[in-house]
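Reminder, nothing fancy here: chain letters follow the sequence lines and each chain counts from 1.
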Number of protein chains: 2
Amino acid sequence: MFHFSDLDFQMMSRAILLAKKGIYTTAPNPNVGCVIERDGIVVGEGFHHRAGEPHAEVHALRDAGERSIGATAYVTLEPCSHYGRTPPCAEGLIKAKVARVVCAMQDPNPKVAGRGIAMLREAGIEVEVGLLEADAQALNPAFIKRMQIGRPYVQLKMAASLDGQTALANGASQWITSPQSRQNVQAYRAKSCAILSTSKTVIDDNASLNVRWDDLPQDIQSTYDHSQLRQPVRVILDRQNHLTSNTEQLKLFNTPGKVLTVSDQGDIEPEINIDGQIDLNATFKALVESHHINHLWVEAGATLAKSLIEAELVDELILYLAPKLMGSDGRGLFGALGLESMNETHELTIQDVRQIGPDIRIVATLNKRNKKDK
Amino acid sequence: MFHFSDLDFQMMSRAILLAKKGIYTTAPNPNVGCVIERDGIVVGEGFHHRAGEPHAEVHALRDAGERSIGATAYVTLEPCSHYGRTPPCAEGLIKAKVARVVCAMQDPNPKVAGRGIAMLREAGIEVEVGLLEADAQALNPAFIKRMQIGRPYVQLKMAASLDGQTALANGASQWITSPQSRQNVQAYRAKSCAILSTSKTVIDDNASLNVRWDDLPQDIQSTYDHSQLRQPVRVILDRQNHLTSNTEQLKLFNTPGKVLTVSDQGDIEPEINIDGQIDLNATFKALVESHHINHLWVEAGATLAKSLIEAELVDELILYLAPKLMGSDGRGLFGALGLESMNETHELTIQDVRQIGPDIRIVATLNKRNKKDK
């Protein structure tokens, strides 16, 4: 076990805060922060801004200049060892003559994990790993999941009344939640790689499913410039090819940002399962492998929500509850699940509960189900 | 506007904390605390323990003894002016020769409000009113409502899955919420004057609806002695006289505490409304007028919940949500409300949200409905 000093904790905490500055811009790349410290003083710092631009270590080393000689570099993720769009960061740290590197975590890709560390050690640099590791992992759950198991991290957003209704019996639903909650949704969209929905939602609600700068919270607007606004890819499930004609009037196709349709006449050829539905598992695999999508934000109705829950593809449920009672004759969140015993219920773990304006936002992770529960 | 000093605020805060010590025992009497201060030092303090026992001022004056001469008395509620089971507290303060009395609020009964204050002023005592008034009101919402409009304060407790289901389609529901939530319910029961339910709940669940000392949270067990455990009155709606025969085996009648049945063969004669249902408004009026019940804790199913919501008789909804998804084919919280437009929904205001063990507890007050909404 390593015995990190107070200074080590301070510096890595600072690196983690720096990494967070990229949460709206780096996707599908990870959020990474770097601090260069010498004699107890920060001599350089940086974070990864967006894919294609320099890594955090490059910014920090540029900032430090010659002061990096004999310094300690704190990085929230193992420095890369491969030649990509940029030369490997491990090489940069060696050239800058740092004496010591502290990484919060190894590269999550099991095929490359440890290579950057090995490269540094071979050059005679002292390397320590694991400082504030859980915090560093929390920066990039989606990047880590893609690297480790080749699947996207899925956040399912839903909105309902306190009694779990998404619409009245006649379909009326605007608006259940408050402007503050809808603004909160914009911040989630802005962080995601891609927004998943269905052609039904796109057509029924004429939903644009994009990020609107003016709707972003003030704190985000002050974090980065309007010109840096990144539009997540919009992925629309369209098994019946509803989006191949009469689409000129749809906001989806008239707002900035890429659209990928999942249909046999669209961008991604779907696999159809024995129920005649799009195989979501196969689609998600394709999104990761062909489109580097690691973080999927889902906004759709009860039908897709139910399919995702039943296929155990949801990592997080983000549920906005409005302080209203609508009655059980309305439309429920997930439709019929056909459960016959209380030990068949889909169990979650609450991660966060807070008030958003007049509403409540619940963030909960889906528990892994035991085989016997299925 | 009064200009209270820092010392005034400190002393009244202390009086409010003292008042809270009685929340499990004073019903149907209000919670009241009193601090006697002289030369910046607390020379006496007390709170009301239970109906029939001395008021807060009596305890505090006994504690102060001769040190009350020339002191300031801080009381969370206007001292009483009438001869009841105890002599009026205003008289006690006059006899004790206090120089000044600060009350957080007037007596909420409009017929007597101000009389205690007048009695003190006539005796030459300086009196100020309104310090920390909102906090003092929050001590006794039910007592205040009974005094002001002759109706009980109604808390409706419900429990559901995150998607608003109280049972599966086949009726299975044990247990939706956690032991921690059920323990939390015990604390609410212990604070109430009376617990309202239906003969259906009593028979289907064989519910005892009493307070079990062993299930009370540790902090309550250490606040007062087991021997002081007060059982709320259990009020059971029983329009069809189900509780008149074969009741020997029901826990309701085999556990400590009084039971009042609302049925034409029971303790309270119900008024029957045009729908053939018990008129809840009339029953609540009877509970106040004949049984001094001011704080009603309701545990029942969707049918009673719906009736209470529709009759606008609910002050607070206490909703326990378990981290489970059960599907919309289960049983909903309030049954069909028959709403046809989003501006007909029953609106609430969230007062508190917190995690109770693995569950979430939401406390929300029901907003007054506009006539046009009905």
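With contacts defined as side-chain heavy-atom distances shorter than 4.5 Å, the pair B:Met326/A:Met342 qualifies. Within the 4.5 Å cutoff, side-chain heavy atoms of A:Leu325 are placed close to those of B:Ile309. For the pair A:Leu321 and B:Leu321, the minimum side-chain heavy-atom distance is below 4.5 Å.
Contact annotation for A:Thr166: neither backbone nor side-chain heavy atoms come within less than 4.5 Å of a heavy atom of chain B. The contact between A:Leu162 and chain B is made by backbone and side chain atoms together, counting heavy-atom distances below 4.5 Å. In this structure, the portion of A:Asn170 lying under 4.5 Å from any heavy atom of chain B is its side chain and not its backbone. With a 4.5 Å cut-off on non-hydrogen atoms, A:Glu347 touches chain B through its backbone and its side chain both. A:Ser341 touches chain B through its backbone: at least one of N, CA, C or O sits under 4.5 Å from a heavy atom, while the side chain does not. Of the atoms belonging to A:Ile176, heavy atoms from both backbone and side chain fall under 4.5 Å from chain B. Both the backbone and the side chain of A:Leu339 come within contact range of chain B, each with at least one heavy atom under 4.5 Å from a heavy atom of that chain. Contacts of B:Ile350 with chain A are made by both backbone and side-chain atoms, with heavy-atom separations under 4.5 Å. A:Ile360 touches chain B through its side chain: at least one heavy atom from C-beta onward sits under 4.5 Å away, while N, CA, C and O do not.
With B:Val353 as the partner, the side chain to side chain contact (heavy atoms under 4.5 Å, CB included) test is satisfied by one option alone out of A:Arg361, A:Arg354, A:Gln355: A:Gln355.
Across A:Gly327, A:Pro323, A:Gly164, the residue that shares the most heavy-atom pairs under 4.5 angstrom with chain B is A:Pro323. Note: A:Gly335 leads A:Ala172, A:Gly335, A:Gly332 in heavy-atom pairs under 4.5 Å with chain B.
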